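Below: the structure, in structure tokens.
Being a predicted model, the structure only gives us computed values, none of them experimental.
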Amino acid sequence: MADRDLSSDADHALDRVLESTPRRGGRTRPSAPDRVFDAVNLTILALVLVALVYPLYFVLISSISEPSLVNTGKVTWYPRGLTIQGYTRVLRDPNILIGYRNTFIYTAVGTALNVTLTVLAGYALSRRDFKGRNVISAFVVFTMLFNGGLIPLYLVVRNLGLLNTLGAMVLPTAVNVVNLIIARTFFATTIPDELLEAARVDGCGTARFFFQIVLPISPAIIAVEVLFYGVFHWNAFFEALIFLNDPDKYPLQMVLRDILLRARLSEMMFTGDPREFAEIQMLAELIKFSAIVVASAPILLLYPFLQRYFMTGVMIGSLKG
């Protein structure tokens with residue numbers, strides 16, 4: 001009887017607290033400190049967003065604005081003196097399509113190879129019944145801290161006969177250690193051992209379990225790996241500079257580099273009218289902005305299609321397993 005009275009008193013006290021809580025639209029109204037905290041958070045995030053987005057926006061509006069207005073600081077929030085001369089000079093270069101073609105090939109082949117090896121290795125290292133996984137993981141992490149350096153890498157690529165080939169662009173970077181760790185952690189935290197045991201009871205082998213059960217429930221980590229590796233290969237420049245010497249095999253970044261160098265060279269070697277020199281100098285700046293947009297636009301257009309998986313895969317894969 002006493003317990004029933006105490007329960008009744010507790011229920012009445014809870015009802016009085018709920019009735020005294022201010023509500024708006026059927027929901028509890030946040031307190032003043034909560035509103036201040038939310039306002040400060042929104043302000044900070046808005047400033048961070050502007051700091052991240054504005055440089056891209058500035059490059060875009062500068063690429064279609066009059067170079068003289070850009071150089072004098074008159075272009076800040078919207079384009080002025082609209083012109084597409086920079087894009088015309090970049091896109092009419094005969095090597096630009098070759099660069100796009102090669103970059104698409106390097107990105108597609110390299111990303112497919114990277115994702116395949118990373119997902120397979122990440123799943124294997126996540127299995128607790130895989131003997132020696134800790135030793136292999138230690139060797140993998142060791143390569144993040146110590147490596148042979150540029151000269152040994154070049155000698156290995158040369159001795160394998162990969163110079164000036166597709167293999168030179170995709171094989172030396174076949175697996176990224178950070179991406180491998182993310183994939184391993186993802187599989188370790190999302191694929192329970194009980195699922196594997198149940199599959200084994202039904203006669204499912206390791207390969208069948210991986211391809212028919214693990215992969216279908218892991219689109220998030222696959223999308224993250226595709227995005228990471230795709231961006232890396234699309235922006236690859238240093239590998240091409242070292243391992244390629246045939247202009248017909250240059251990726252887009254190398255082609256744009258040559259366009260910028262030619263524009264700068266014309267500027268440095270010009271000895272005519274100072275007014276014409278100023279125009280050449282401004283055109284070189286316009287070409288620079290246009291080249292950045294041409295190189296970045298395709299990969300920026302890819303991100304919205306993978307964004308739904310991006311946060312899920314990164315957050316789960318970054319947790320310690």
Checklist entry - Just how far is it from atom CG of N114 to atom CD of E225, taken to the nearest 0.5 Å? => result 9.0 Å
Checklist entry - Donor-acceptor pair, N102 side chain versus D248 backbone, under 3.5 Å? => result yes
Next on the checklist: Could you measure the distance from the CZ atom of F130 to the CG atom of L125? Nearest 0.5 Å is fine.
Outcome noted: 6.0 Å
Checklist entry - Going by heavy atoms in the side chains, are P172 and V157 under 4.5 Å from each other? => result yes
Next on the checklist: Using a 6.0 Å cut-off, check whether atom CZ of R101 has over 12 heavy atoms from anything other than its own residue.
Outcome noted: yes
Checklist outcome for this item: In this structure, OG1 of T185 is separated from CD1 of I221 (nearest 0.5 Å) by 8.5 Å
Next on the checklist: Do I242 and L153 have side chains that approach each other closer than 4.5 Å (heavy atoms only, starting at C-beta)?
Outcome noted: no
Checklist outcome for this item: What one should report as the nearest heavy-atom pair of A174 and L117 is CB-CD1, 3.9 Å
Checklist entry - When rounded to the nearest 0.5 angstrom, what distance separates OG1 in T107 from OH in Y229? => result 14.0 Å
Checklist outcome for this item: ring pair (Phe, Tyr, Trp, His ring centres under 6.0 Å) with Y123: of F186, F210, F211, only one passes, and it is F210
Item to check | Test item: F228 and V178 side chains (from C-beta on) under 4.5 Å apart, heavy atoms | outcome: no
Next on the checklist: Hydrophobic clustering (ILVMFWY, side-chain heavy atoms < 4.5 Å, transitive) - are F232 and V226 grouped together?
Outcome noted: no
Next on the checklist: Between T118 (side chain only) and V115 (backbone N and O only), is there a donor and an acceptor less than 3.5 Å apart?
Outcome noted: no
Item to check | Linked, directly or transitively: F237 and V255 (ILVMFWY side chains, under 4.5 Å) | outcome: yes
Checklist entry - Closest approach of G122 and F187, non-hydrogen atoms and distance? => result C-CD1, 3.7 Å
Checklist outcome for this item: Scanning both residues in full, the closest heavy-atom pair of N176 with N179 reads OD1-N, 3.1 Å
Item to check | Residue F37 excluded, over 12 heavy atoms near CZ under 6.0 Å | outcome: no
Checklist entry - Are I61 and W77 connected in a single hydrophobic cluster, I mean Ile/Leu/Val/Met/Phe/Trp/Tyr linked by side-chain heavy atoms less than 4.5 Å apart? => result yes
Item to check | Residue pair S126 / A188: nearest heavy atoms and the distance that separates them | outcome: CB-N, 3.7 Å
Checklist entry - Are there more than 12 heavy atoms of other residues, nucleotides or ligands under 6.0 Å from atom CD1 of I151? => result no
Item to check | Where A121 and L180 come nearest, the two heavy atoms and their spacing | outcome: CB-CD1, 3.6 Å
Next on the checklist: Let's go through L171 and L113 carefully: what are the C-alpha distance in whole Å and the side-chain angles of both, what is the deciding distance for side chain to side chain contact (heavy atoms under 4.5 Å, CB included) to 0.1 Å, and is it a yes or a no?
Outcome noted: CA-CA 9 Å; L171 291 180; L113 177 65; 3.8 Å; yes
Item to check | From CD1 (I213) to CD1 (I191), nearest 0.5 Å | outcome: 9.0 Å
Checklist entry - Any side-chain heavy-atom pair from L215 and V119 closer than 4.5 angstrom? => result yes
Checklist entry - In terms of the angle between their ring planes, are Y54 and Y57 parallel, tilted or perpendicular, with boundaries placed at 30° and 60°? => result tilted
Checklist entry - What residues form a side-chain hydrogen bond (donor to acceptor under 3.5 Å, both in side chains) with S137, not counting sequence neighbours? => result R184
Next on the checklist: Is the distance between the ring centroids of Y106 and W234 under 6.0 Å?
Outcome noted: no
Item to check | Chi angles and distances behind the side chain to side chain contact (heavy atoms under 4.5 Å, CB included) call for T173, H233 | outcome: CA-CA 9 Å; T173 55; H233 283 291; 4.0 Å; yes
Checklist entry - After noting the C-alpha distance and the side-chain angles of M169 and L244, does the key distance pass the side chain to side chain contact (heavy atoms under 4.5 Å, CB included) rule? => result CA-CA 9 Å; M169 296 296 294; L244 301 182; 3.9 Å; yes
Next on the checklist: Quick check: do Y154 and L163 have side-chain heavy atoms less than 4.5 Å from each other?
Outcome noted: yes
Checklist entry - Going by heavy atoms in the side chains, are R158 and L155 under 4.5 Å from each other? => result yes
Checklist entry - Of all heavy-atom pairs between S218 and V214, which one has the smallest distance, and what is that distance? => result OG-O, 2.7 Å
Checklist entry - Shared ILVMFWY cluster between M144 and V140, side chains joined below 4.5 angstrom? => result yes
Item to check | Verify same cluster id: L42, V53 (apolar side-chain graph, 4.5 Å) | outcome: no
Checklist entry - CG/N95 to CE/M254 distance, rounded to the nearest 0.5 angstrom? => result 11.0 Å
Next on the checklist: Assess the residue pair Q253 and N235 against the criterion (side chain to side chain contact (heavy atoms under 4.5 Å, CB included)); give the C-alpha distance rounded to whole Å, side-chain angles, the decisive distance to 0.1 Å, and a yes or no.
Outcome noted: CA-CA 7 Å; Q253 308 298 335; N235 295 325; 3.8 Å; yes
Checklist outcome for this item: Across all chains, not counting sequence neighbours, the salt bridge (Lys or Arg N to Asp or Glu O under 4.0 Å) partners of R200 are D129
